[in-house]
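Everything on this sheet refers to the single structure shown next.
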Amino acid sequence: REVSGRDVDVMVIGAGQAGLSAGYFLQRAGFAPETGYLLLDAGGGPGGAWRDRWPTLRLGGVHGIHDLPGLALGEPDPDRPAAEVVADYFGAYERKFDLPVRRPVNVIEVRDRADGRLTVRTDAGEWTARALINATGTWRHPFWPYYPGQWSFAGRQLHTADYRGPAEFAGRRVVVVGGGTSAVQLLDEIAEVAEATRWVTRRPPVFNDGDFTEERGRAAVARVDETVRAGRPPSSVVGVTGLVWTPQTRRMEAAGLLNRLPMFARITPGGVVWPDGSSFDADVIFWCTGFRAVLDHLAPLKLRAPGGGILMDGTRVVTDDRVHLIGYGPSASTIGANRAGRDAVREIRRLLDAAPATLG
Ligand code: FAD
């Protein structure tokens, strides 16, 4: 079989934290840029999903960005938006290691080919690969729960992924839905300018005392790992680490902002109504309800187990050892993504070394 300029050994889809980490380890494992490995990324520039996060997000307000392997982030200006800081950092990283990233390239689907290679179909043509590292994150798949009456609501509904800052909430009555860190932080920003806010979560929120420790992180990762090894859809690892008492959340508590309400039963044109009949007139419902893994482009590979998730062993898909998912499930954090990149490359190196290239 002729090898064309569009055949690579390992294709990496996505060049966020996870994809760049994979690129770094692929290079270290001796894969040649372009022919040995290639990264395809849908973004308009470096930064992964961070480049699309809201302009008021600062790195000081997140759990913490772990350094990519081989280049430290350093001490960025705390007043610059996280979107800019991370885009600069990832851009410098790509240049330092000369990583072959093609963008903007949107992968539409990945299919099996008769000879055992994978066909990667994109809006910039087709490639083939012997193995695949999928690192497409979650940002492009916001999760919207459904509540009765939702589409009758006369006001505005938006998701965290749509948030561009508090200005549009000025003088509005806002319901913030969701129990994660984003919900709490955005509630704080919005409450400064809104006429009134209500915070609504499915389960009573649990705030942890003290800093986020490594032990707490490990416990959260272990819980999500167990889920994906059983073939169930993963919960968010950043989500299961829980909320933390910080000067910000203590201030919010003192101001009465954290008087959480349970989920409402239905949505009306003018607001939300709880099971006991109480209600809140709202102009805006803000769904800070998280994200799901971006995997639609892998549907033709039929990786899903009956439980709706993908049966995983570490980063490897159990039913198709050519395919690794990183930044998925237990590795969906910046530190997890780094390690997952390394682990996936190690296994793929072994797989490809064991199978001559002519066998696909
Ligand atoms: P992403 O950064 O999402 O990168 C995926 C890349 O894949 C993107 O560039 C995208 O364009 C590309 N892509 C997607 N689909 C396709 C396709 N079909 N074809 C081609 N390219 C595609 N984690 C932490 O550890 N610490 C934190 O403080 C933290 N804060 C967070 C705050 C928010 C608001 C959110 C939503 C998440 C946060 N996380 C945090 C989790 C965070 O998303 C991950 O840790 C990590 O940044 C994800 O990296 P990634 O490489 O997996 O995905």
To check you understand the geometry: which heavy-atom pair defines the closest contact between [X] and [Y], and what is its length?
{"X": "G329", "Y": "V224", "result": "C-CG1, 3.4 Å"}
{"X": "S182", "Y": "W54", "result": "OG-CH2, 4.0 Å"}
{"X": "V244", "Y": "T249", "result": "O-OG1, 3.0 Å"}
{"X": "P300", "Y": "E109", "result": "CG-OE1, 3.7 Å"}
{"X": "W139", "Y": "A49", "result": "CB-CB, 3.5 Å"}
{"X": "C288", "Y": "L186", "result": "SG-CD1, 4.3 Å"}

Salt-bridge present ([X], [Y]; N to O < 4.0 Å):
{"X": "D52", "Y": "R140", "result": "no"}
{"X": "R322", "Y": "D112", "result": "yes"}
{"X": "D41", "Y": "R102", "result": "no"}
{"X": "R117", "Y": "D115", "result": "no"}
{"X": "R103", "Y": "E94", "result": "yes"}
{"X": "D209", "Y": "R250", "result": "yes"}
{"X": "R130", "Y": "D9", "result": "yes"}

Rounded to the nearest 0.5 Å, what separates atom [atom1] in [X] from atom [atom2] in [Y]?
{"X": "L39", "Y": "L99", "atom1": "CG", "atom2": "CG", "answer": "6.5 Å"}
{"X": "R304", "Y": "T319", "atom1": "CZ", "atom2": "OG1", "answer": "11.5 Å"}
{"X": "T119", "Y": "R111", "atom1": "OG1", "atom2": "CZ", "answer": "9.0 Å"}
{"X": "Y24", "Y": "F97", "atom1": "OH", "atom2": "CZ", "answer": "5.5 Å"}

Full working for side-chain contact (heavy atoms from CB on, under 4.5 Å) between F207 and E253: CA-CA 11 Å; F207 283 87; E253 159 98 328; over 6 Å; no

[Y] backbone acceptor or donor facing [X] side chain under 3.5 Å:
{"X": "T315", "Y": "I326", "value": "no"}
{"X": "D67", "Y": "L73", "value": "yes"}
{"X": "E347", "Y": "G314", "value": "no"}
{"X": "N259", "Y": "G256", "value": "yes"}
{"X": "Q248", "Y": "V184", "value": "no"}
{"X": "D162", "Y": "H159", "value": "yes"}
{"X": "R58", "Y": "D79", "value": "yes"}
{"X": "H324", "Y": "I133", "value": "no"}
{"X": "Y89", "Y": "L68", "value": "yes"}
{"X": "S21", "Y": "R339", "value": "no"}

Taking the six-membered ring of F31 (Phe, Tyr or Trp), confirm whether the NZ or CZ of R349 is under 6.0 Å from its centre and within 45° of its axis. yes

Is the charged tip of R6 near the ring of W127: under 6.0 Å from the six-membered ring centre and within 45° of its axis? yes

Has [X] got more than 12 heavy atoms of other residues, nucleotides or ligands less than 6.0 Å from its [atom1]?
{"X": "R251", "atom1": "CZ", "result": "yes"}
{"X": "R164", "atom1": "CZ", "result": "yes"}
{"X": "E226", "atom1": "CD", "result": "no"}
{"X": "R202", "atom1": "CZ", "result": "no"}
{"X": "D296", "atom1": "CG", "result": "no"}

Transitively linked via ILVMFWY side-chain contacts under 4.5 Å: [X] with [Y]?
{"X": "V101", "Y": "V12", "answer": "yes"}
{"X": "W274", "Y": "V175", "answer": "yes"}
{"X": "L298", "Y": "I108", "answer": "no"}
{"X": "L132", "Y": "V294", "answer": "no"}
{"X": "F153", "Y": "L261", "answer": "yes"}

Residue pair [X] / [Y], side-chain heavy-atom distance below 4.5 Å:
{"X": "I190", "Y": "Y163", "answer": "yes"}
{"X": "F143", "Y": "T138", "answer": "no"}
{"X": "V323", "Y": "I310", "answer": "no"}
{"X": "E168", "Y": "L158", "answer": "yes"}
{"X": "M312", "Y": "V317", "answer": "yes"}
{"X": "R198", "Y": "V272", "answer": "no"}
{"X": "M11", "Y": "L118", "answer": "no"}
{"X": "L59", "Y": "P76", "answer": "yes"}

Testing L38, V8, V105, V107 for side chain to side chain contact (heavy atoms under 4.5 Å, CB included) with V120, which one passes? V107

Test side-chain contact (heavy atoms from CB on, under 4.5 Å) on V221 and I335; report intermediate values, then the result. CA-CA 11 Å; V221 167; I335 186 163; over 6 Å; no

State whether a side-chain donor-acceptor pair under 3.5 Å links E189 with T56. yes

For the residue pair H297 / N134, report whether a side-chain donor-acceptor contact shorter than 3.5 Å exists. yes

Would Y37 and F25 count as a side-chain contact (heavy atoms from CB on, under 4.5 Å) if you check the C-alpha gap in whole Å, the side-chain angles of each, and the deciding distance to 0.1 Å? CA-CA 11 Å; Y37 75 105; F25 287 108; over 6 Å; no

Starting from the C-alpha separation in whole Å, work towards a yes-or-no answer on side-chain contact (heavy atoms from CB on, under 4.5 Å) for N338 and Q17. CA-CA 7 Å; N338 280 354; Q17 182 101 13; 3.2 Å; yes

Flag the pair F280 / F264 as yes when their ring centroid distance falls below 6.0 Å, and as no otherwise. no

